[in-house]
Student: 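First, the structure itself, so that you have it in front of you.
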Amino acid sequence: RPHDRICSLFDALDLDLLGLPGARLADGSTIPGRKDLRLWCRRGEKSFHSCAVMWRLNSSTQVNPLHGLGSSRRMWVRLSCAKTNLAVAFVYMPVGLDPESVRNWIEELHALADDIDLIRSIFALNVVVHGDFNFQPPVLDGSVRVNRRKNAAWNEFMYRTQLVLLNQA
């Protein structure tokens, strides 16, 4: 069962939180036999339009899903512990370079920026965005050919949100 493999990895790495972009799990999925773990899933009209977040209940970090934000491709949680409070987004962006896919990707990126603005204005939290953007910014690898519209939207997103790109690919 897929849950068993995910839980084994979660335990072996001693994780407290795990984002699962493109998880393909149904809304309301649970982890059978694991009362120490919680799973929050969102699934869109297609199974791969999905994300999930799994966390350990007995951790020193409190995890609170922000149900009113995001979409099936953008899930937000608030993390609270003794030293910090922050909002973390788990993201799975649309794939493809055809005009409709690019339009969907740009719309999702704009919506992510709107989420970030809202979180910063309401909660005054620092933000971490984690996941699969299905995009290679030229700053990471100038040899990769990039869609012009996606690149322009990415640059606007980075300027608007003032996020710092950390990718050790």
Student: Any chain of hydrophobic side-chain contacts (each under 4.5 Å) joining Leu66 to Leu163?
Tutor: yes
Student: Check for a donor-acceptor pair, side chain of Thr61 on one end and backbone N or O of Leu79 on the other, with a separation under 3.5 Å.
Tutor: no
Student: Check whether Ser50 reaches the backbone of Ala23 with its side chain - one donor and one acceptor, N or O, closer than 3.5 Å.
Tutor: yes
Student: Going by ring pair (Phe, Tyr, Trp, His ring centres under 6.0 Å), name the pairs with one or both residues in residues 10-42, residues two or more places apart or in two chains.
Tutor: Trp40-His67
Student: Please check if Ile116 and Phe135 belong to a single hydrophobic cluster, counting links between Ile, Leu, Val, Met, Phe, Trp and Tyr side chain heavy atoms closer than 4.5 Å.
Tutor: yes
Student: Among Asn147, Ile106, Leu165, which residue meets the side chain to side chain contact (heavy atoms under 4.5 Å, CB included) test with Trp154?
Tutor: Leu165
Student: State which residues pass salt bridge (Lys or Arg N to Asp or Glu O under 4.0 Å) with Arg78; sequence neighbours excluded, sorted by chain then number.
Tutor: none
Student: Can you pull the side chain to side chain donor-acceptor pair (under 3.5 Å) pairs that have at least one residue in residues 105-119, sequence neighbours excluded?
Tutor: Ser71-Glu108, Arg74-Glu108, Arg74-Asp115, Trp76-Asp115, Asp114-Arg160, Asp117-Arg160
Student: So which pairs with a foot in residues 54-69 pass salt bridge (Lys or Arg N to Asp or Glu O under 4.0 Å), sequence neighbours left out?
Tutor: Asp11-Arg56, Asp16-Arg56, Asp36-Arg56
Student: Under the side-chain hydrogen bond (donor to acceptor under 3.5 Å, both in side chains) test, which residues partner Asp98, sequence neighbours left out?
Tutor: Ser101
Student: Can you tell me which residue pairs pass the side chain to side chain donor-acceptor pair (under 3.5 Å) test with a partner in residues 118-130, sequence neighbours excluded?
Tutor: none
Student: Could you work out, with side-chain hydrogen bond (donor to acceptor under 3.5 Å, both in side chains) as the rule, every residue matching Ser80, not counting sequence neighbours?
Tutor: Asn85
Student: Mind checking side chain to side chain contact (heavy atoms under 4.5 Å, CB included) for Ser60 and listing every partner two or more places apart, or none if nothing turns up?
Tutor: none
